[in-house]
Amino acid sequence: MSENADFVPLLLDWFAQNRRDLPWRRTYDPYGVWVSEIMAQQTQLDRVAVYFERFMARFPSVAALASADETEVLKAWEGLGYYSRARNLLAAARRVMAEHDGRLPADFAALRALPGVGDYTAGAVAAIAHGQDHVAVDANVLRVLARVCDIDAPIKEPAGKAQATSLARELLPPGRARDYGEALMEFGALLCRPRNPDCPACPLAEHCAARRLNIVADRPVLSKSKDITPLNVATGVLVHAGRIFIQKRLPKGAWANLWEFPGGRIEAGETPEQAVVREFAEETGFATRVETKLAVIRHGYTTYRVTLHCCLLRLTDVPETAPLPEPTLTAAQESLWAAPDELSRYAFPAGHRKLIEQFGESLRGRASGGWGPEAPRPPTRRKG
DNA sequence: AATTCGTGGTT
DNA sequence: TAACCAAGAAT
């Protein structure tokens, strides 16, 4: 362990030279640090910055956030993923108003008790916002310590995490928790990267056990990866009397409380057109037919790789002048018929948002009744 | 302990 | 391109 004893000053020097200029590093006000840490979970910082600035402009304080509608908070989160983070952040803000007089607590245990705040985030806020001697062990820290200190347990499993966390605490220079925590993470993100770490430029090279043993490629030890299931899904954009049918998803599960176009899995032996008509009937009670196929959108998420077949639907045997019908919802908590321009107000999953962006013009045209059978085609973009 | 929960960038 | 992965938390 002695070879690790004094790499921390070198790490702090490196950070002083390579620290990125990020918006929440301007004042380190606790609310901003908290928001940034929630946004940063499982998300790369460069992608967070834009969302952060927009979020802070709209919800500049705990009080402003606490008094907001969830719909608006989810809209601000649209595209970031893991939407329970946004719902928990709002719930936590309301609890801070009720229980902490509107000021984010500084105490680790009080932070840790807020919804959406785990060990990492509580430590990060305590250290980065308040300068308390706590560690924030994220995936960067796990990787850096696995290499520098040669941790041979699978680093994402409890034993590996425990070793890394213990080391991180031992190495923490008292009074410098903010710089130390940010430095470990920044170092992992910029230099000691997962794939191609820049060992030749590494200021810790002489202290790195993995490098000395020539096993950098074997650290950290990874767990078995899980296979990704391909999934075919059909979704329908139902247009009637100038409006588009959307529904608000249930309050639990994937994309909770976000809006969507109804649809679902394409079963074996089904065409996308058959599936979307069936799903629409199951979820809304509406009898529909496919007018055109709008797009095939591919998007992946952690355990699935989805191919989304998007169809434009019309009500069957209902004249365009008939009033907007009421659905019988089975897979949603609420629904509405939106004017095309209103779709931008609601938070949609990324795949559905892509659909709206690609076909917004076409949908506007169709909704206003001005389109014949040959609607404008999207630019077909095929590689190779 | 193992799953679930998104999305986009990188290699 | 397919696989991997990111300033994790909740269940």
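Throughout, protein chains are lettered first and strands after them, A, B, ... in sequence-line order, and every chain is numbered starting at 1.
- Of all nucleotides listed (B:dT11, B:dC5, B:dT3), B:dC5 comes nearest to the side chain of A:A254.
- Side-chain nitrogen and oxygen atoms of A:T43 include none within less than 4.0 Å of the OP1 or OP2 phosphate oxygen of B:dG8.
- Taking atom CD1 on A:I38 and atom P on C:dG8, their separation rounds to 11 Å, with Å as the unit.
- The phosphate of C:dA3 has neither OP1 nor OP2 within less than 4.0 Å of any side-chain N or O from A:R305.
- Note on A:K156: every side-chain N or O is 4.0 Å or more away from OP1 and OP2 of B:dA1.
- For the pair A:Q42 and A:P158, both in contact range of DNA chain B, the more 5′-proximal nearest nucleotide belongs to A:P158.
- Distance A:W255 CH2 to B:dT7 P: 6 Å, rounded to the nearest Å.
- Here the C1' atom of nucleotide B:dT10 and the CD atom of A:Q44 are 8 Å apart, to the nearest Å.
- Between the CD atom of A:E157 and the C1' atom of B:dT3 there is a distance of 14 Å, given to the nearest Å.
- At a cut-off of 3.5 angstrom, the base of C:dC4 holds at least one donor-acceptor pair with the side chain of A:R195.
- At C:dA7, none of the side-chain N or O atoms of A:W34 fall inside 4.0 Å of OP1 or OP2 (strictly under the cut-off).
- The CG atom of A:L250 sits 16 Å away from the C1' atom of B:dC5 (whole-angstrom rounding).
- Ion pairing between A:R353 and A:E357 holds under the 4.0 Å rule for side-chain N and carboxylate O.
- At a threshold of 4.0 Å, the pair A:R314-A:E320 counts as salt-bridged, since one of the basic side-chain nitrogens sits closer than that to a carboxylate oxygen.
- Taking the six-membered ring for Trp, A:F261 and A:F348 have ring centres closer than 6.0 Å.
- Contact check on A:E78 versus A:K75 returns a salt bridge, with a Lys/Arg side-chain nitrogen under 4.0 Å from an Asp/Glu carboxylate oxygen.
- Distance from the side chain of A:M185 is smallest for C:dA7 among the nucleotides C:dA7, B:dT7, C:dA6.
- As a whole-Å value, the separation of A:F15 CZ from C:dA7 P is 13 Å.
- Checking the phosphate oxygens (OP1, OP2) of B:dT7, a side-chain nitrogen or oxygen of A:Y83 falls inside 4.0 Å.
- B:dG6 sits 15 Å from C:dC4 when the C1' atoms are compared, rounded to a whole Å.
- We find that CZ of A:R298 is positioned 22 Å from P of B:dG6, with the value rounded to whole Å.
- Atom C1' of nucleotide C:dG8 and atom CD of A:E37 are separated by 11 Å, given to the nearest angstrom.
- Checking the phosphate oxygens (OP1, OP2) of B:dC5, no side-chain nitrogen or oxygen of A:S84 falls inside 4.0 Å.
- Between A:E186 and A:N18, the closest heavy-atom pair is OE2-O, 4.0 Å.
- When each of A:L222 and A:Q41 is assigned the nucleotide of DNA chain C bearing its nearest heavy atom, the one mapping closer to the 5' terminus is A:L222.
- Comparing C:dA7, C:dC5, C:dA9 by their nearest atom to the side chain of A:R20 picks out C:dA7.
- Residue side chain A:Y82 reaches the base of B:dG6 through a donor-acceptor N/O pair under 3.5 Å, judged by distance alone.
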